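These numbers come from a predicted model, not from an experiment.
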Amino acid sequence: MTTKELMALDQQYVLGTYGRNPIAISHGKGATVYDEEGNEYIDFTSGIGVSSVGYGNEKWAKAIYDQALKIGHMSNLYYTEPCAKLAEQLCTRTGMSAVFFGNSGAEANEGIIKLARKYSFDKYGEGRSTIITMKDSFHGRTITTLNATGQDMFHQYFFPFTEGFMYVKANDFSELAMTADDTVCAVMMELVQGEGGVNVLDKEYVKTVAEYCKKNDWLLLIDEVQTGVGRTGTLFAFQDYDIEPDGVSFAKGIAGGLPMGGFLVSEKARGALGPGTHGSTFGGNPIAASAALEVLSELDDQLLLEVREKGNYIAAAIHNMRSGNIKAIKGKGLMIGLELIGADAGQISQALAARGLLTLTAHGNVLRFLPPLVITIEEIDKGLAILQSLLGD
């Protein structure tokens with residue numbers, strides 16, 4: 001189909017909840033994708049951080065194919081090998097105690113919210129269920145995770161929202177300490193706020209919050225839906241912060257393009273959710289788990305080092321552009337944000353797409369990059385040349 005034909009078909013039958021770009025992607029290889037007419041695009045989005053090991057990855061595809069021939073799905077009333085092996089890998093490589101598998105980031109964050117409230121209820125009874133989150137955070141689009149999100153723009157239309165959240169400014173411990181009361185059971189944060197503007201949390205602030213949580217027997221919940229699975233240059237971002245979380249959500253890049261999410265729990269918290277307290281029909285699906293095992297096998301120490309190096313390479317190249325429209329370069333690893341002045345990030349993103357570079361935006365007039373972790377320097381240079389042609393001197 002042509003792009004025009006595909007757009008017409010989509011607009012007729014798909015609910016219009018997305019502001020799509022007028023581009024129909026057909027296929028890709030590495031970090032390069034092509035539309036229905038064969039036009040080439042360097043992808044600095046990876047499907048919003050999902051296609052972690054790139055497009056057309058033959059080992060990843062073979063893992064899916066091989067498992068699909070065995071069994072595509074089995075109820076969680078039974079055991080499957082890919083699920084168990086994936087759980088082992090995640091726990092072994094993070095030091096966490098156990099894992100729950102679901103389908104998406106919002107579902108994963110719902111899970112750690114339930115974990116914190118159940119832990120507190122079991123130990124202290126009712127009345128201790130408030131979760132502190134950060135202003136400019138984003139935690140999902142379900143009724144509960146919308147209200148967990150610390151941006152007023154998301155607290156619209158869908159009333160009544162699930163109650164029980166307080167919002168504090170990130171990197172300001174005094175505000176957190178003054179805001180908290182005896183109803184609090186947990187603190188939930190992104191270590192790099194993605195949708196909120198690619199804001200990196202200060203390490204000392206995070207460590208202070210972690211110590212305060214331990215002192216008050218609150219659970220420390222880390223939302224790694226976007227930062228996890230190698231995105232910031234470590235398997236999970238919390239591993240670079242010298243903290244021990246009680247719940248860590250993940251999704252996006254974990255299965256390299258298949259729908260999967262979940263959360264890791266500490267030894268302290270793992271007993272809170274027992275049989276019947278939580279579940280997911282498709283959680284731990286053997287095909288998705290097999291894809292995730294391949295992703296983890298590729299995310300070795302060398303690739304994680306390359307993620308950090310590529311992130312530094314991109315940031316240095318953009319700094320050398322010396323564009324008057326770039327106010328700040330933010331981020332960690334291959335999670336990069338350009339705060340713009342004198343130009344609208346949304347319009348810039350559309351203009352870049354028209355020239356062959358796919359990008360994202362974030363709150364605060366930020367142009368956001370989340371390329372596949374396997375992007376090559378050649379692909380980076382092609383993308384940066386397009387950016388230079390639009391923003392450079």
side-chain contact (heavy atoms from CB on, under 4.5 Å) partners for [X], two or more places apart:
{"X": "Ala177", "result": "Phe173, Tyr212"}
{"X": "Leu390", "result": "Ile348, Ala351, Leu352, Arg355"}
{"X": "Lys59", "result": "Asn57, Glu294, Glu298"}

Going through the distances and angles, do Leu334 and Phe369 end up as a side chain to side chain contact (heavy atoms under 4.5 Å, CB included)?
CA-CA 7 Å; Leu334 285 175; Phe369 304 154; over 6 Å; no
Provide the closest heavy-atom pair for Ser137 versus Gln151 in the form atom of the first, atom of the second, distance.
O-NE2, 3.1 Å
More than 12 foreign heavy atoms under 6.0 Å from [atom1] of [X]: is that the case here?
{"X": "Tyr65", "atom1": "OH", "result": "no"}
{"X": "Arg141", "atom1": "CZ", "result": "no"}
{"X": "Gln156", "atom1": "CD", "result": "yes"}
{"X": "Lys268", "atom1": "NZ", "result": "yes"}
{"X": "His319", "atom1": "NE2", "result": "no"}
{"X": "Asp301", "atom1": "CG", "result": "no"}
{"X": "Glu175", "atom1": "CD", "result": "yes"}

Are [X] and [Y] connected, step by step, through hydrophobic side chains (Ile, Leu, Val, Met, Phe, Trp, Tyr) whose heavy atoms are closer than 4.5 Å?
{"X": "Ile287", "Y": "Val50", "result": "no"}
{"X": "Phe138", "Y": "Met189", "result": "no"}
{"X": "Leu357", "Y": "Ile25", "result": "no"}
{"X": "Val14", "Y": "Leu6", "result": "no"}
{"X": "Tyr79", "Y": "Ile71", "result": "no"}

Go through Met134 and Glu190 one step at a time and tell me if the side chain to side chain contact (heavy atoms under 4.5 Å, CB included) criterion holds.
CA-CA 8 Å; Met134 306 292 122; Glu190 304 157 281; over 6 Å; no
Could you check whether any side-chain heavy atom of [X] comes within less than 4.5 Å of a side-chain heavy atom of [Y], counting everything from C-beta outward?
{"X": "Val374", "Y": "Glu306", "value": "no"}
{"X": "Ile336", "Y": "Val198", "value": "no"}
{"X": "Phe44", "Y": "Ile375", "value": "yes"}
{"X": "Asp240", "Y": "Thr232", "value": "no"}
{"X": "Ile254", "Y": "Leu90", "value": "yes"}
{"X": "Ile386", "Y": "Tyr41", "value": "no"}
{"X": "Asp43", "Y": "Thr32", "value": "no"}
{"X": "Lys114", "Y": "Thr277", "value": "no"}

Take Asn21 and Leu358, measure what side chain to side chain contact (heavy atoms under 4.5 Å, CB included) needs, and give me the verdict at the end.
CA-CA 10 Å; Asn21 288 293; Leu358 305 184; over 6 Å; no
Could you list who else is in Phe165's hydrophobic cluster, with ILVMFWY side chains joined at under 4.5 Å, directly or through other members?
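The other cluster members (ILVMFWY side chains, heavy atoms under 4.5 Å, direct or chained) are Phe100, Ile112, Ile113, Leu115, Tyr119, Ile131, Tyr167, Met188, Leu219, Leu221, Phe263, Val265, Leu273.
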Could you list the cluster mates of Ile341? Members are the ILVMFWY residues connected by side-chain heavy atoms closer than 4.5 Å, either directly or through other members.
none
With rounding to the nearest 0.5 Å, note down the distance linking [atom1] in [X] to [atom2] in [Y].
{"X": "Thr2", "Y": "Glu36", "atom1": "OG1", "atom2": "CD", "value": "8.0 Å"}
{"X": "Lys252", "Y": "Arg231", "atom1": "NZ", "atom2": "CZ", "value": "9.5 Å"}
{"X": "Asp223", "Y": "Asn109", "atom1": "CG", "atom2": "CG", "value": "4.0 Å"}
{"X": "Gln89", "Y": "Thr94", "atom1": "CD", "atom2": "OG1", "value": "10.5 Å"}
{"X": "Asn39", "Y": "Tyr34", "atom1": "CG", "atom2": "OH", "value": "11.0 Å"}
{"X": "Leu86", "Y": "Met260", "atom1": "CG", "atom2": "CE", "value": "5.0 Å"}

Closer than 3.5 angstrom, by distance alone: can the side chain of [X] be matched with the main-chain N or O of [Y] as a donor-acceptor pair?
{"X": "Ser120", "Y": "Arg128", "result": "yes"}
{"X": "Asn147", "Y": "Glu163", "result": "no"}
{"X": "Lys29", "Y": "Gly56", "result": "yes"}
{"X": "Asn199", "Y": "Gln193", "result": "no"}
{"X": "Asn365", "Y": "Asp344", "result": "no"}
{"X": "Thr149", "Y": "His139", "result": "yes"}
{"X": "Ser46", "Y": "Ile48", "result": "no"}
{"X": "Ser323", "Y": "Leu391", "result": "yes"}
{"X": "Ser349", "Y": "Ala345", "result": "no"}
{"X": "Ser280", "Y": "Gly102", "result": "no"}

Pairing of [X] and [Y] as salt bridge, 4.0 angstrom limit:
{"X": "Asp242", "Y": "Lys203", "result": "no"}
{"X": "Glu40", "Y": "Lys382", "result": "yes"}
{"X": "Lys118", "Y": "Asp122", "result": "yes"}

Are His27 and Tyr55, when compared by the centres of their aromatic rings, separated by less than 6.0 Å?
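When the ring centroids of His27 and Tyr55 are compared, they turn out to be at least 6.0 Å apart.
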Would you mind listing every salt bridge (charged side-chain N to carboxylate O under 4.0 Å, His left out) that reaches into residues 82-92, with sequence neighbours excluded?
Glu81-Lys85
Looking just at side-chain N and O atoms, do Thr3 and Glu37 make a donor-acceptor pair shorter than 3.5 Å?
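Looking only at side-chain atoms, Glu37 and Thr3 do form a donor-acceptor pair, the distance falling under 3.5 Å.
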Do Asp202 and Asn171 have side-chain atoms, one donor and one acceptor, less than 3.5 Å apart?
no
Residue of the set Val99, Thr227, Leu235 for which side chain to side chain contact (heavy atoms under 4.5 Å, CB included) holds with Phe250
Val99
Before you tell me yes or no, could you show the steps for Phe159 and Tyr157 under ring-ring contact (aromatic ring centres under 6.0 Å, His included), namely the whole-Å CA-CA distance, both residues' side-chain angles and the distance that decides it to 0.1 Å?
CA-CA 6 Å; Phe159 308 102; Tyr157 316 123; 7.9 Å; no
When you look at Val209 and Ile132, which way does the side chain to side chain contact (heavy atoms under 4.5 Å, CB included) test go after all the steps?
CA-CA 11 Å; Val209 172; Ile132 297 174; over 6 Å; no
